[in-house]
Amino acid sequence: LGGGTYAIIEQGHIDMVLSSKPEERRVVFEEASGIAKYLAKKQETVRRMGIESVVSFAGWQDDRKRCYEDLDAVCVTSRNEGTPLTLIEAMAAGRVVVSTAVGGVGDLLGLKGEIQPGTFQTADRGLLVRDGDAKGLAAALETLAGDPSLRRRIAEAGRSYVRERYNHPRLLKDISDLYEQKEPLQ
């Protein structure tokens, strides 16, 4: 994050990131659900803003491990989510995450109440912004860029949480427990 912020935008508010001082950071967009139909429009926005040198449209990445290793931060700016696998993967890779507080994201990152417009919340395992709040997203990214110890602390908390909660033995136990229930599921 020091010399430039690298972000992956899974789906949703691309304009939020483009409006958050893109000339000061390098942004990588990954195509995913909801983005492909807007891709040409977003590429035109980047051309019109004259920021092609700092914005890349990388397309889908098969080597997720390497992809996360190449990023300093991961942003998910969706309008609607369950519990995004992208955030779980990023946290497991030790990357600090910034996301809109939608769906199950607040639970995943440890949301502690309401977020005011134009601000962000430093939750237990990531930074959260309100849906559609470009100023809040910019503030979150600027804070991360200026505070390496915060980035490390949040990234490590996220990694520890994911390793404890989403590890293979625990998932197998949960499935086994489900099959061993005495009463059928309704």
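Position 1 is the first residue of the sequence; numbering continues from there.
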Practice problem: Kindly compute the distance separating CG (Leu141) from SG (Cys75), expressed to the nearest 0.5 Å. | Solution: 4.5 Å
Quiz prompt | From Glu142 atom CD to Leu137 atom CG, the distance as rounded to the nearest 0.5 Å | solution = 9.5 Å
Counting only pairs under 3.5 Å, give me each side-chain donor-acceptor contact of residues 117-127, with atom names and distances, residues two or more places apart or in other chains.
from	atom 1	to	atom 2	distance (Å)
Thr119	OG1	Gln116	N	3.4
Thr119	OG1	Gln116	O	2.6
Gln121	OE1	Lys112	N	2.6
Gln121	NE2	Gly113	O	3.4
Asp124	OD1	Lys112	NZ	3.1
Arg125	NE	Leu108	O	2.7
Arg125	NH2	Asp107	O	3.2
Arg125	NH2	Leu108	O	3.2

Quick one: side-chain contact (heavy atoms from CB on, under 4.5 Å) partners of [X], sequence neighbours excluded?
X	result
Arg165	Tyr161, Arg170
Ser149	Asp147, Arg152
Glu44	Arg47, Arg48
Lys173	Asp177

Quiz prompt | Glu89-Thr86 side chain donor-acceptor pair, cut-off 3.5 Å | solution = no
Exercise. Output, in order, the C-alpha distance, side-chain angles, deciding distance and verdict of side chain to side chain contact (heavy atoms under 4.5 Å, CB included) for Leu150 and Leu144.
Key: CA-CA 7 Å; Leu150 175 66; Leu144 288 175; 4.2 Å; yes
Practice problem: Identify the heavy atoms of Ala90 and Val74 that sit nearest to each other, and give their distance. | Solution: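 Heavy-atom minimum between the residues: CB-CG2, 3.6 Å.
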Quiz item: How far apart are the closest heavy atoms of Thr77 and Thr100, and which atoms are they?
Solution: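 It is C-OG1, 3.6 Å.
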Quiz item: Are any non-hydrogen side-chain atoms of Ser78 and Asn80 less than 4.5 angstrom apart?
Solution: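 No; the side chains remain at least 4.5 Å from each other.
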Quiz prompt | Verdict with supporting geometry, Arg95 and Glu69, side chain to side chain contact (heavy atoms under 4.5 Å, CB included) | solution = CA-CA 8 Å; Arg95 297 300 173 251; Glu69 288 171 353; 4.2 Å; yes
Quiz item: If you group Ile, Leu, Val, Met, Phe, Trp and Tyr by side-chain heavy-atom gaps below 4.5 Å, do Val162 and Leu171 land in one group?
Solution: no
Quiz item: Leu87 and Thr83: side chain to side chain contact (heavy atoms under 4.5 Å, CB included), yes or no, with the steps?
Solution: CA-CA 8 Å; Leu87 290 182; Thr83 302; over 6 Å; no
Quiz prompt | Side-chain cluster (under 4.5 Å, hydrophobic types only) that Tyr179 belongs to, other residues | solution = Ile175
Practice problem: Give the C-alpha distance, both sets of side-chain angles, the deciding distance and a yes or no for side chain to side chain contact (heavy atoms under 4.5 Å, CB included) between Val97 and Val76. | Solution: CA-CA 8 Å; Val97 297; Val76 173; over 6 Å; no
Identify each donor-acceptor pair in which a side-chain atom of residues 153-160 lies under 3.5 Å from a protein atom, sequence neighbours left out, and give them as a table.
from	atom 1	to	atom 2	distance (Å)
Glu156	OE2	Ser160	OG	3.1
Arg159	NH2	Ala93	O	3.2
Ser160	OG	Glu156	O	3.1

